[in-house]
Undergrad: 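Got a structure here, written out as structure tokens. Questions coming.
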Protein chains: 2
Amino acid sequence: MPEKLKPAGETRAADVLHRMRADIINCTLKPGMKLKFESLREMYEVSFSTLREALSRLVAEGLVVAEDQRGFIVAPVSIDDLNDLTDVRVLIERECLTLAIKRGDDAWEATIIGAFHRMDRLQERLGLKYYLSEEWTKLHGDFHFSLVVACQSPNLLEIRQKLFERAHRYRRMSSQFRTKWRAKDVEHKMIMEAVIARDPTKAGKLIERHIRETTANVVKYAGHLFEAPDEEPRSRAVRVSA
Amino acid sequence: MPEKLKPAGETRAADVLHRMRADIINCTLKPGMKLKFESLREMYEVSFSTLREALSRLVAEGLVVAEDQRGFIVAPVSIDDLNDLTDVRVLIERECLTLAIKRGDDAWEATIIGAFHRMDRLQERLGLKYYLSEEWTKLHGDFHFSLVVACQSPNLLEIRQKLFERAHRYRRMSSQFRTKWRAKDVEHKMIMEAVIARDPTKAGKLIERHIRETTANVVKYAGHLFEAPDEEPRSRAVRVSA
DNA sequence: AAATAAATTATTTTCGAAATTTTATCCAAA
DNA sequence: TTTGGATAAAATTTCGAAAATAATTTATTT
């Protein structure tokens, strides 16, 4: 086994892209932060051009903002963005769910049940602070994906995935400050049951409530982090501490 | 005035991105075509890294496909992709239209009427083959954008724009082979009237019909261009002729 | 002191050579 | 003839130096 690095088939740029996307989504790279090339070069151990390649993709995904001739910053967060994101997610998730219920087969149902079980067990094992776990986050993402994977629309799934990632960044911000946690997660179970009962109306309403309540919690616990009235009007961007 | 080049504020990479996106959308760079760096370098007069930057963005937009360690190809076209694209566009355009009708003000209505007028007059002037004109294409895009611009959702507008661009590539493919043209364009006028009458149900149905009929025409006139049963199983990609 | 300009420093952007990887060609063995 | 493997050629990917641009500091003038 090699000591450390292993892009394995993919290019170095693709590897950096994945790592950087993960770092932005889980707020290791903080919203609004200036992305200095020297720092990034140390952090990811690649050259300028390779970095720019990854950054360019992230710009297209809406996770990074390019300021022509003045570098890149991590996409800022705001209440407006969160609200808009929430509305669009409701539209897309509901459509995906409706289609999946129409088109999914038995194997699909089994996948959902499996994904829920994995998430649920880990949740029990981790106790109240499950939300802070990287592993639970992964399984939570897998569960939500399993619900819609049978919709058969590559475009919808692609759009959904990108929105889900951006929403996760907000969830991540609030999870640090959250004090109250639903002990037993009944929401996910209800969604799953409605989906397997092939009830698109009920499933749609439940997923909408799930998304909107999550947003409400984000605003409640992390709202104070958004749009801090700019102290330095000149350079709004936060510095990266190298 | 400088002789030729003028990125004007934006970076060289951003300039190449715009030119390349336009070339893919209007099929100067043909679907499935292998994108060789030497050819591209001549074509756009920039270096490897700058090219890769632009290509990376186009990958994220779904106009280019990256084949790890084996370069890039223009995103292929297919009936399946067109059908999926059509369904998702119907969903998104209808939502945008509904929201715009709810939220738009008088100035917005005026914008629509202006955009329609510009498109309509050019159409009259150009006669039957208006569809082949670059300028008409631009005004047509502007008109459709004006219909939804008041929806107030940056995310929906962004998604809509990217889908519209990809759909345009299909329209462009069929326009070369099309023999019958609707002499007077009544469809756009009806949509505009329903929107200004603030009738979301009617406007939604009309925009859906507009999109689906366009797709039907694409299949009719350009369907034979899709998914030519691969003659060379090894290298499916078409070569760029430098 | 405040404002403007010039010079300096810091940072980003671009380039093409060098390294890596894939693809094509050739040759020997079955 | 076909198969497998080495060798050569072609293409992509990565790198860091050099050029271009922006930000900061210093100097000069009002």
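Residue numbers start from 1 in every chain, and the chains themselves are labelled A, B, ... in the order their sequence lines are given, proteins ahead of strands.
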Undergrad: Between C:dT14, D:dT12, C:dT11, which one does the side chain of B:Arg12 approach most closely?
TA: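 Among the listed nucleotides, the one closest to the side chain of B:Arg12 is C:dT14.
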Undergrad: Can you check the B:Glu10 CD to C:dT13 P distance for me, whole Å?
TA: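 So the CD-P distance, B:Glu10 to C:dT13, works out to 12 Å.
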Undergrad: Taking only the side-chain nitrogens and oxygens of A:Arg52, find out if one of them lies under 4.0 Å from OP1 or OP2 of C:dT13.
TA: yes
Undergrad: Quick one: is the NZ or CZ of B:Arg160 closer than 6.0 Å to the six-membered ring centre of B:Phe145, and within 45° of its axis?
TA: no
Undergrad: With side chain to side chain contact (heavy atoms under 4.5 Å, CB included) as the criterion, how do B:Met20 and B:Leu29 come out once you've worked through the C-alpha distance, each side chain's angles and the decisive distance to 0.1 Å?
TA: CA-CA 8 Å; B:Met20 212 155 154; B:Leu29 296 172; 4.1 Å; yes
Undergrad: Checking contacts here: which listed nucleotide (C:dT14, D:dT14, D:dT12) is nearest the side-chain heavy atoms of A:Glu53?
TA: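 The listed nucleotide nearest to A:Glu53's side chain is D:dT14.
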Undergrad: It should be established whether B:Arg70 places a side-chain nitrogen or oxygen under 4.0 Å from OP1 or OP2 of nucleotide C:dT23.
TA: yes
Undergrad: Would you kindly give the CD-to-P distance between B:Glu38 and C:dT22, to the nearest whole Å?
TA: 20 Å
Undergrad: Starting at CZ of A:Phe37 and ending at C1' of D:dA19, how long is that distance when rounded to a whole Å?
TA: 15 Å
Undergrad: In this structure, which one of B:Lys162, B:Arg169, B:Arg166 forms a salt bridge (Lys or Arg N to Asp or Glu O under 4.0 Å) with B:Glu61?
TA: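 For B:Glu61, the salt bridge (Lys or Arg N to Asp or Glu O under 4.0 Å) check succeeds only for B:Lys162.
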Undergrad: Between atom CD in A:Glu45 and atom P in D:dT13, what is the gap in whole Å?
TA: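 Nearest whole value for this atom pair: 21 Å.
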Undergrad: Rounded to whole Å, how long is the line connecting atom CG of B:Leu40 with atom C1' of D:dT12?
TA: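 Checked: the CG to C1' distance equals 12 Å.
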Undergrad: Between A:Ala14 and A:Gln69, which is nearer to the 5' end of DNA chain D once each is assigned its nearest nucleotide?
TA: A:Ala14
Undergrad: For A:Phe48, answer base if it contacts any base atom (sugar-phosphate contacts may also be present), sugar-phosphate if it contacts only those atoms, and nothing otherwise; contact means non-hydrogen atoms under 4.0 Å.
TA: base
Undergrad: Expressed as a whole number of angstroms, how long is the span from A:Lys36:NZ to C:dA10:C1'?
TA: 9 Å
Undergrad: Decide whether a cation-pi geometry holds between A:Arg41 and A:Tyr44; the criteria are a distance under 6.0 Å from NZ or CZ to the six-membered ring centre and an angle within 45° of the ring axis.
TA: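 Not flagged: A:Arg41 not positioned over aromatic ring of A:Tyr44.
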Undergrad: Measure the distance from CG on B:Leu51 to C1' on C:dG16 and round it to the nearest whole Å.
TA: 12 Å
Undergrad: Counting heavy atoms from C-beta on, name the nucleotide in C:dT13, D:dT13, D:dG16 closest to the side chain of A:Ser47.
TA: D:dG16
Undergrad: Would you mind reading off the distance between B:Ile73 atom CD1 and C:dT22 atom P, rounded to a whole angstrom?
TA: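 Going from CD1 in B:Ile73 over to P in C:dT22 covers 17 Å.
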Undergrad: Look at the side-chain N and O atoms of B:Lys34 and state whether any lies under 4.0 Å from the OP1 or OP2 oxygen of D:dT12.
TA: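 It does, given that an N or O in the side chain of B:Lys34 lies less than 4.0 Å from OP1 or OP2 of D:dT12.
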Undergrad: Determine the contact category for B:Thr50: base if any of its heavy atoms lies under 4.0 Å from a base atom, sugar-phosphate if only primed atoms, P, OP1 or OP2 are that close, otherwise nothing.
TA: sugar-phosphate
Undergrad: If the cut-off is 4.0 Å, is A:Arg41 near the phosphate of D:dG16, judged by side-chain N/O to OP1 or OP2?
TA: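 Yes, because at least one side-chain N or O of A:Arg41 sits under 4.0 Å from OP1 or OP2 of D:dG16.
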Undergrad: When the ring planes of A:Phe72 and A:Phe37 are compared, do they come out parallel, tilted or perpendicular, using 30° and 60° as the limits?
TA: perpendicular
